[in-house]
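The structure appears below as C-alpha coordinates.
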Amino acid sequence: MRRGRKKKAWEMRRENEMRRDGKMSEKMPERKRETSRDGARYLRHRMLAQVGEDGQKKLEESRVLIVGAGGLGSPAALYLAAAGVGTIGLADFDRVDVSNLQRQILYTELDVGRKKTEAAAARLRERNGAVRVLTYEDGLTEENAREIIGKYDVVIDACDNFPTRYRISDVCMELGKPDVYGAICEFMGQVTVFAPGGPCLRCLSPEDPAAAPDARAFGVLGAVPGVIGSLQAVEAMKWILGTGGSLKGRMLFLDLLSMRADEIEIPVNPRCSRHGTGNS
Amino acid sequence: MKLNNRPYKDWHEGLTIRGVMEHMKFTWPKLVVKVNGTLIWPEDYDRVVLKEEDDLQIIHLLGGG
(Lines give C-alpha, C1' and ligand atoms only; values in the text may rest on other atoms or scores of the structure.)
Protein backbone atom coordinates (compact mmCIF):
# COMPACT_ATOMS: atom_id res chain seq x y z
CA MET A 1 0.00 0.00 0.00
CA ARG A 2 1.14 3.49 -0.85
CA ARG A 3 2.19 5.38 2.26
CA GLY A 4 -0.39 7.82 3.55
CA ARG A 5 -3.39 6.39 1.72
CA LYS A 6 -6.16 4.90 3.78
CA LYS A 7 -7.65 1.65 2.58
CA LYS A 8 -11.22 1.76 1.45
CA ALA A 9 -13.81 -0.49 3.06
CA TRP A 10 -14.15 -2.76 0.04
CA GLU A 11 -10.41 -3.18 -0.13
CA MET A 12 -10.30 -4.24 3.52
CA ARG A 13 -13.18 -6.62 2.97
CA ARG A 14 -11.56 -8.17 -0.12
CA GLU A 15 -8.25 -8.62 1.64
CA ASN A 16 -9.95 -10.24 4.61
CA GLU A 17 -11.75 -12.63 2.30
CA MET A 18 -8.55 -13.48 0.47
CA ARG A 19 -6.70 -14.09 3.73
CA ARG A 20 -9.56 -16.28 4.92
CA ASP A 21 -9.38 -18.30 1.69
CA GLY A 22 -5.63 -18.55 1.94
CA LYS A 23 -5.22 -16.59 -1.28
CA MET A 24 -3.24 -13.74 0.16
CA SER A 25 -0.28 -13.50 2.43
CA GLU A 26 -0.20 -10.87 5.16
CA LYS A 27 2.45 -8.95 3.26
CA MET A 28 0.66 -8.92 -0.08
CA PRO A 29 0.43 -5.34 -1.33
CA GLU A 30 -2.85 -3.89 -2.42
CA ARG A 31 -3.54 -3.78 -6.12
CA LYS A 32 -5.32 -1.15 -8.09
CA ARG A 33 -7.12 -2.44 -11.14
CA GLU A 34 -6.37 -0.55 -14.33
CA THR A 35 -9.45 -0.71 -16.46
CA SER A 36 -9.01 2.36 -18.59
CA ARG A 37 -9.37 1.80 -22.29
CA ASP A 38 -7.91 5.09 -23.34
CA GLY A 39 -5.13 5.43 -25.84
CA ALA A 40 -2.31 4.48 -23.50
CA ARG A 41 -3.08 0.81 -23.15
CA TYR A 42 -2.23 -0.23 -26.70
CA LEU A 43 0.15 2.63 -27.45
CA ARG A 44 3.03 0.36 -28.39
CA HIS A 45 0.77 -1.54 -30.78
CA ARG A 46 -0.51 1.63 -32.37
CA MET A 47 3.06 2.80 -32.91
CA LEU A 48 3.63 -0.13 -35.25
CA ALA A 49 2.99 0.63 -38.92
CA GLN A 50 1.63 -2.92 -39.28
CA VAL A 51 -0.93 -2.39 -36.49
CA GLY A 52 -1.90 1.26 -36.00
CA GLU A 53 -5.40 2.38 -35.02
CA ASP A 54 -7.07 0.22 -37.65
CA GLY A 55 -5.11 -2.88 -36.71
CA GLN A 56 -5.83 -2.49 -33.03
CA LYS A 57 -9.51 -2.18 -33.89
CA LYS A 58 -9.24 -5.39 -35.92
CA LEU A 59 -7.71 -7.18 -32.93
CA GLU A 60 -10.45 -5.89 -30.65
CA GLU A 61 -13.12 -7.11 -33.04
CA SER A 62 -11.53 -10.51 -33.61
CA ARG A 63 -12.40 -13.91 -32.16
CA VAL A 64 -9.71 -16.50 -31.49
CA LEU A 65 -10.31 -20.04 -30.26
CA ILE A 66 -7.54 -21.78 -28.33
CA VAL A 67 -7.86 -25.55 -28.17
CA GLY A 68 -5.87 -26.76 -25.20
CA ALA A 69 -5.22 -24.51 -22.20
CA GLY A 70 -1.89 -26.11 -21.31
CA GLY A 71 1.76 -25.37 -22.08
CA LEU A 72 1.11 -23.83 -25.51
CA GLY A 73 -2.30 -22.41 -24.74
CA SER A 74 -1.07 -20.51 -21.68
CA PRO A 75 1.30 -18.05 -23.36
CA ALA A 76 -0.90 -17.83 -26.46
CA ALA A 77 -3.94 -16.89 -24.37
CA LEU A 78 -2.04 -14.44 -22.18
CA TYR A 79 -0.54 -12.58 -25.14
CA LEU A 80 -3.82 -12.48 -27.05
CA ALA A 81 -5.65 -11.15 -23.99
CA ALA A 82 -2.93 -8.59 -23.38
CA ALA A 83 -3.21 -7.55 -27.04
CA GLY A 84 -6.90 -6.83 -26.59
CA VAL A 85 -8.26 -9.59 -28.83
CA GLY A 86 -12.01 -9.11 -28.44
CA THR A 87 -13.14 -12.67 -27.81
CA ILE A 88 -10.99 -15.58 -26.69
CA GLY A 89 -12.45 -19.08 -26.59
CA LEU A 90 -10.79 -21.73 -24.44
CA ALA A 91 -11.54 -25.42 -25.01
CA ASP A 92 -10.12 -27.88 -22.50
CA PHE A 93 -11.69 -30.68 -20.47
CA ASP A 94 -8.85 -31.03 -17.99
CA ARG A 95 -8.21 -29.85 -14.45
CA VAL A 96 -5.03 -28.20 -13.21
CA ASP A 97 -2.52 -30.71 -11.87
CA VAL A 98 0.51 -29.80 -9.80
CA SER A 99 2.75 -31.26 -12.54
CA ASN A 100 1.36 -28.63 -14.96
CA LEU A 101 2.78 -25.69 -13.04
CA GLN A 102 6.32 -26.16 -14.40
CA ARG A 103 5.21 -24.87 -17.82
CA GLN A 104 1.53 -23.88 -17.86
CA ILE A 105 1.94 -20.28 -16.83
CA LEU A 106 -1.77 -19.47 -16.72
CA TYR A 107 -2.02 -21.29 -13.40
CA THR A 108 -0.79 -20.88 -9.88
CA GLU A 109 -0.57 -23.21 -6.90
CA LEU A 110 -4.01 -22.00 -5.84
CA ASP A 111 -5.52 -23.35 -9.07
CA VAL A 112 -4.54 -27.01 -8.56
CA GLY A 113 -7.70 -29.10 -8.86
CA ARG A 114 -9.71 -26.36 -10.62
CA LYS A 115 -11.03 -26.73 -14.14
CA LYS A 116 -8.46 -25.26 -16.49
CA THR A 117 -11.06 -23.30 -18.43
CA GLU A 118 -12.36 -21.71 -15.23
CA ALA A 119 -8.93 -20.84 -13.81
CA ALA A 120 -7.66 -19.63 -17.19
CA ALA A 121 -10.71 -17.45 -17.83
CA ALA A 122 -10.27 -15.80 -14.43
CA ARG A 123 -6.60 -15.13 -15.15
CA LEU A 124 -7.33 -13.64 -18.59
CA ARG A 125 -10.09 -11.40 -17.21
CA GLU A 126 -7.64 -10.14 -14.60
CA ARG A 127 -5.16 -9.36 -17.36
CA ASN A 128 -7.66 -7.53 -19.55
CA GLY A 129 -11.19 -6.85 -18.40
CA ALA A 130 -12.22 -5.76 -21.88
CA VAL A 131 -11.68 -9.22 -23.35
CA ARG A 132 -14.66 -11.57 -23.55
CA VAL A 133 -13.57 -15.07 -22.53
CA LEU A 134 -15.76 -18.02 -23.51
CA THR A 135 -15.04 -21.48 -22.14
CA TYR A 136 -15.77 -24.98 -23.43
CA GLU A 137 -15.15 -27.35 -20.57
CA ASP A 138 -15.88 -30.49 -22.59
CA GLY A 139 -12.93 -29.68 -24.84
CA LEU A 140 -13.26 -29.87 -28.61
CA THR A 141 -15.18 -33.05 -29.40
CA GLU A 142 -16.44 -34.69 -32.57
CA GLU A 143 -19.91 -33.45 -31.60
CA ASN A 144 -19.17 -29.81 -30.83
CA ALA A 145 -16.18 -29.01 -33.10
CA ARG A 146 -18.11 -27.53 -36.06
CA GLU A 147 -20.39 -25.42 -33.94
CA ILE A 148 -17.57 -24.01 -31.83
CA ILE A 149 -14.99 -23.42 -34.58
CA GLY A 150 -17.68 -21.82 -36.74
CA LYS A 151 -17.91 -18.95 -34.25
CA TYR A 152 -14.24 -17.94 -34.51
CA ASP A 153 -11.96 -16.17 -36.99
CA VAL A 154 -8.76 -18.04 -36.10
CA VAL A 155 -8.10 -21.33 -34.26
CA ILE A 156 -4.94 -22.01 -32.29
CA ASP A 157 -4.17 -25.71 -32.02
CA ALA A 158 -2.49 -25.93 -28.64
CA CYS A 159 -3.67 -29.42 -27.77
CA ASP A 160 -1.57 -32.46 -26.90
CA ASN A 161 -2.94 -35.30 -29.03
CA PHE A 162 -3.23 -36.17 -32.70
CA PRO A 163 -6.94 -37.16 -32.82
CA THR A 164 -7.85 -33.60 -31.72
CA ARG A 165 -5.25 -32.09 -34.05
CA TYR A 166 -6.78 -33.90 -37.06
CA ARG A 167 -10.26 -32.84 -35.91
CA ILE A 168 -9.19 -29.17 -35.74
CA SER A 169 -7.48 -29.33 -39.14
CA ASP A 170 -10.44 -31.07 -40.81
CA VAL A 171 -13.07 -28.68 -39.45
CA CYS A 172 -10.94 -25.61 -40.17
CA MET A 173 -10.48 -26.78 -43.78
CA GLU A 174 -14.20 -27.44 -44.09
CA LEU A 175 -15.19 -24.06 -42.69
CA GLY A 176 -12.37 -22.07 -44.29
CA LYS A 177 -10.66 -21.04 -41.02
CA PRO A 178 -6.93 -20.77 -40.35
CA ASP A 179 -5.50 -23.40 -37.96
CA VAL A 180 -2.34 -22.15 -36.22
CA TYR A 181 -0.57 -25.40 -35.37
CA GLY A 182 2.03 -25.62 -32.62
CA ALA A 183 3.60 -28.69 -31.04
CA ILE A 184 6.43 -29.46 -28.66
CA CYS A 185 8.48 -32.30 -27.24
CA GLU A 186 11.48 -32.11 -24.93
CA PHE A 187 13.53 -29.15 -26.32
CA MET A 188 11.89 -29.08 -29.77
CA GLY A 189 8.98 -27.18 -31.19
CA GLN A 190 7.14 -26.77 -34.48
CA VAL A 191 4.79 -24.12 -35.81
CA THR A 192 2.80 -23.84 -39.02
CA VAL A 193 -0.46 -22.42 -40.32
CA PHE A 194 -2.94 -24.65 -42.11
CA ALA A 195 -5.29 -22.36 -43.99
CA PRO A 196 -7.62 -22.25 -46.98
CA GLY A 197 -5.69 -22.46 -50.22
CA GLY A 198 -2.78 -24.18 -48.50
CA PRO A 199 -2.02 -27.62 -47.13
CA CYS A 200 -3.66 -29.20 -44.08
CA LEU A 201 -2.40 -31.63 -41.48
CA ARG A 202 -3.46 -34.56 -43.67
CA CYS A 203 -1.29 -33.21 -46.49
CA LEU A 204 1.69 -33.49 -44.15
CA SER A 205 0.92 -36.86 -42.62
CA PRO A 206 -1.97 -39.30 -42.97
CA GLU A 207 -3.87 -40.10 -39.78
CA ASP A 208 -2.74 -43.35 -38.23
CA PRO A 209 -3.85 -44.01 -34.65
CA ALA A 210 -1.11 -46.65 -34.32
CA ALA A 211 1.52 -44.01 -35.08
CA ALA A 212 0.46 -41.36 -32.59
CA PRO A 213 3.14 -40.60 -30.02
CA ASP A 214 1.87 -40.03 -26.49
CA ALA A 215 3.17 -36.60 -25.49
CA ARG A 216 2.80 -37.43 -21.80
CA ALA A 217 5.55 -40.04 -22.10
CA PHE A 218 8.16 -37.35 -22.79
CA GLY A 219 9.69 -34.56 -20.77
CA VAL A 220 9.62 -30.92 -21.82
CA LEU A 221 11.67 -27.95 -20.68
CA GLY A 222 9.10 -25.56 -19.25
CA ALA A 223 10.00 -22.55 -21.38
CA VAL A 224 9.83 -24.48 -24.69
CA PRO A 225 6.01 -24.32 -24.96
CA GLY A 226 6.38 -20.68 -23.88
CA VAL A 227 8.38 -19.98 -27.05
CA ILE A 228 6.13 -21.99 -29.37
CA GLY A 229 2.83 -20.79 -27.87
CA SER A 230 4.05 -17.21 -28.19
CA LEU A 231 4.87 -17.81 -31.86
CA GLN A 232 1.33 -19.14 -32.32
CA ALA A 233 -0.02 -15.93 -30.80
CA VAL A 234 2.14 -13.92 -33.22
CA GLU A 235 0.89 -15.91 -36.22
CA ALA A 236 -2.74 -15.53 -35.09
CA MET A 237 -2.37 -11.76 -34.67
CA LYS A 238 -0.60 -11.39 -38.03
CA TRP A 239 -3.43 -13.33 -39.66
CA ILE A 240 -6.01 -11.00 -38.10
CA LEU A 241 -4.00 -7.94 -39.10
CA GLY A 242 -3.33 -9.28 -42.59
CA THR A 243 0.34 -8.46 -42.30
CA GLY A 244 3.72 -10.13 -42.56
CA GLY A 245 4.87 -13.49 -43.89
CA SER A 246 2.64 -16.28 -42.69
CA LEU A 247 3.80 -19.83 -42.00
CA LYS A 248 1.09 -21.06 -44.35
CA GLY A 249 2.68 -23.73 -46.54
CA ARG A 250 5.81 -24.11 -44.44
CA MET A 251 6.63 -25.48 -41.02
CA LEU A 252 9.14 -23.85 -38.72
CA PHE A 253 11.25 -26.17 -36.57
CA LEU A 254 13.06 -24.98 -33.49
CA ASP A 255 15.57 -27.11 -31.63
CA LEU A 256 16.09 -25.10 -28.47
CA LEU A 257 18.77 -27.45 -27.18
CA SER A 258 21.16 -26.74 -30.06
CA MET A 259 19.38 -23.37 -30.59
CA ARG A 260 18.91 -23.94 -34.29
CA ALA A 261 15.97 -23.18 -36.53
CA ASP A 262 14.96 -24.90 -39.75
CA GLU A 263 11.89 -25.08 -41.93
CA ILE A 264 10.33 -27.26 -44.58
CA GLU A 265 7.89 -26.36 -47.29
CA ILE A 266 4.60 -28.22 -47.08
CA PRO A 267 2.99 -28.64 -50.48
CA VAL A 268 -0.70 -29.33 -50.96
CA ASN A 269 -0.53 -33.11 -51.25
CA PRO A 270 -2.54 -34.78 -54.02
CA ARG A 271 -2.69 -37.91 -51.86
CA CYS A 272 -4.36 -36.07 -48.98
CA SER A 273 -7.95 -37.20 -48.49
CA ARG A 274 -9.10 -33.59 -48.11
CA HIS A 275 -7.20 -32.02 -50.98
CA GLY A 276 -6.76 -34.84 -53.44
CA THR A 277 -7.90 -38.32 -54.23
CA GLY A 278 -5.70 -40.28 -51.86
CA ASN A 279 -6.87 -41.90 -48.66
CA SER A 280 -5.38 -40.84 -45.42
CA MET B 1 22.82 -38.31 -51.08
CA LYS B 2 21.79 -35.84 -48.40
CA LEU B 3 19.85 -36.55 -45.23
CA ASN B 4 18.43 -33.48 -43.48
CA ASN B 5 20.81 -31.17 -45.33
CA ARG B 6 23.92 -33.18 -44.43
CA PRO B 7 25.86 -35.64 -46.60
CA TYR B 8 24.70 -39.23 -46.07
CA LYS B 9 27.80 -41.40 -46.43
CA ASP B 10 26.15 -44.83 -46.32
CA TRP B 11 24.23 -44.60 -49.59
CA HIS B 12 24.28 -47.80 -51.69
CA GLU B 13 22.40 -49.18 -54.68
CA GLY B 14 18.88 -50.25 -53.74
CA LEU B 15 18.79 -48.16 -50.54
CA THR B 16 15.18 -47.44 -49.51
CA ILE B 17 13.75 -44.85 -47.12
CA ARG B 18 13.08 -47.66 -44.66
CA GLY B 19 16.73 -48.66 -44.96
CA VAL B 20 17.85 -45.15 -43.97
CA MET B 21 15.40 -45.10 -41.05
CA GLU B 22 16.67 -48.40 -39.73
CA HIS B 23 20.31 -47.50 -40.26
CA MET B 24 19.90 -44.12 -38.55
CA LYS B 25 17.64 -45.61 -35.85
CA PHE B 26 14.60 -43.41 -36.39
CA THR B 27 12.08 -44.79 -33.90
CA TRP B 28 9.62 -41.86 -33.59
CA PRO B 29 6.20 -43.19 -34.64
CA LYS B 30 5.12 -40.13 -36.65
CA LEU B 31 7.61 -38.99 -39.25
CA VAL B 32 7.34 -36.62 -42.18
CA VAL B 33 9.44 -37.72 -45.15
CA LYS B 34 10.31 -35.70 -48.23
CA VAL B 35 12.48 -36.75 -51.17
CA ASN B 36 13.57 -33.85 -53.36
CA GLY B 37 10.70 -31.81 -51.91
CA THR B 38 7.99 -34.41 -52.52
CA LEU B 39 6.15 -35.82 -49.51
CA ILE B 40 6.33 -39.61 -49.26
CA TRP B 41 3.56 -41.61 -47.56
CA PRO B 42 4.45 -44.26 -44.94
CA GLU B 43 3.28 -47.15 -47.12
CA ASP B 44 5.96 -46.16 -49.65
CA TYR B 45 8.93 -46.15 -47.27
CA ASP B 46 9.84 -49.68 -48.41
CA ARG B 47 9.17 -48.99 -52.10
CA VAL B 48 11.03 -45.74 -52.75
CA VAL B 49 14.61 -46.46 -53.81
CA LEU B 50 16.96 -43.54 -53.26
CA LYS B 51 19.36 -42.25 -55.89
CA GLU B 52 22.83 -40.97 -55.08
CA GLU B 53 21.84 -37.35 -55.81
CA ASP B 54 18.62 -37.44 -53.78
CA ASP B 55 17.83 -34.98 -51.01
CA LEU B 56 16.04 -36.83 -48.20
CA GLN B 57 14.38 -35.13 -45.26
CA ILE B 58 13.05 -37.08 -42.29
CA ILE B 59 11.34 -34.99 -39.63
CA HIS B 60 9.70 -35.88 -36.35
CA LEU B 61 6.11 -34.64 -36.30
CA LEU B 62 5.52 -33.54 -32.73
CA GLY B 63 2.16 -33.60 -31.01
CA GLY B 64 2.75 -32.37 -27.48
CA GLY B 65 1.22 -29.22 -26.14
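Letters go in sequence order (proteins before strands), and every chain restarts at 1.
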(request) Just give me the residue among B/Val33, B/Leu61, B/Leu31 that pairs up with chain A most often, heavy atom to heavy atom, under 4.5 Å. (result) B/Leu61
(request) Might you confirm whether atom CD of A/Gln102 has over 12 heavy atoms from other residues, nucleotides or ligands at distances under 6.0 Å? (result) yes
(request) Indicate yes or no for a side-chain donor-acceptor contact from A/Lys116 to the backbone of A/Asp97 under 3.5 Å, with no hydrogens or angles considered. (result) no
(request) Identify which of A/Asp160, A/Ile184, A/Asn161, A/Thr164 forms the greatest number of heavy-atom pairs closer than 4.5 Å to chain B. (result) A/Ile184
(request) Taking heavy atoms only and a threshold strictly under 4.5 Å, list by residue number the residues of residues 220-229 of chain A that touch chain B; give 'none' if the list is empty. (result) none
(message) Quick check: under 4.5 Å, non-hydrogen atoms only, which of residues 187-201 of chain A neighbour chain B?
(response) A/Met188, A/Gly189, A/Gln190, A/Leu201
(message) Before you tell me yes or no, could you show the steps for A/Asp138 and A/Thr141 under side chain to side chain donor-acceptor pair (under 3.5 Å), namely the whole-Å CA-CA distance, both residues' side-chain angles and the distance that decides it to 0.1 Å?
(response) CA-CA 7 Å; A/Asp138 294 331; A/Thr141 66; over 6 Å; no
(message) Can a donor-acceptor pair be found, under 3.5 Å and without considering hydrogens, that links the side chain of A/Arg95 to the backbone of A/Gly113?
(response) yes
(request) May I ask you to name which of A/Ser74, A/Ala212, A/Cys185 has the most heavy-atom pairs under 4.5 Å with chain B? (result) A/Cys185
(message) Do A/Arg165 and A/Val67 have side chains that approach each other closer than 4.5 Å (heavy atoms only, starting at C-beta)?
(response) no
(request) Identify which part of A/Asp214 has an atom lying under 4.5 Å from any heavy atom of chain B, answering side chain, backbone, both or neither. (result) neither
(request) Not counting sequence neighbours, which residues clear ring-ring contact (aromatic ring centres under 6.0 Å, His included) with A/Phe93? List them please. (result) none
(message) Tell me which of these, A/Gly182, A/Pro267, A/Gly68, A/Pro213, has more heavy-atom pairs under 4.5 Å with chain B than the rest.
(response) A/Pro213
(request) State whether the side chain of A/Lys177 and the backbone N or O of A/Val155 hold a donor-acceptor pair below 3.5 Å, judged by distance alone. (result) no
(message) Given 3.5 Å as the limit, does a donor-acceptor pair link the side chain of A/Arg63 with the main chain of A/Asp153, or not?
(response) no
(request) With a 4.5 Å cut-off on heavy-atom pairs, point out which of B/Pro42, B/Gly63, B/Gly37 contacts chain A the most. (result) B/Gly63
(request) Under the ring-ring contact (aromatic ring centres under 6.0 Å, His included) rule, collect the residues that match up with A/Phe162, sequence neighbours excluded. (result) none
(message) Angle between ring planes, B/His23 versus B/Tyr8, binned at 30° and 60°: parallel, tilted or perpendicular?
(response) perpendicular
(request) Count the heavy-atom pairs under 4.5 Å between each of B/His60, B/Lys34, B/Gln57 and chain A, then report the option with the highest count. (result) B/Lys34
(request) Evaluate the ring planes of B/Trp28 and A/Phe218, with Trp represented by its six-membered ring, and classify them as parallel (under 30°), tilted (30 to 60°) or perpendicular (over 60°). (result) tilted
(message) What part of B/Asn5 gets within 4.5 angstrom of chain A, counting heavy atoms only: side chain, backbone, both, or neither?
(response) side chain
(message) Within the supplied structure, the quantity of interest is the number of heavy atoms (other residues, nucleotides, ligands) at a distance under 6.0 Å from A/Glu137 CD; does it exceed 12?
(response) no
(request) Run the salt-bridge test on A/Arg167 and A/Asp170 with the 4.0 Å N-O cut-off and return the result as yes or no. (result) no
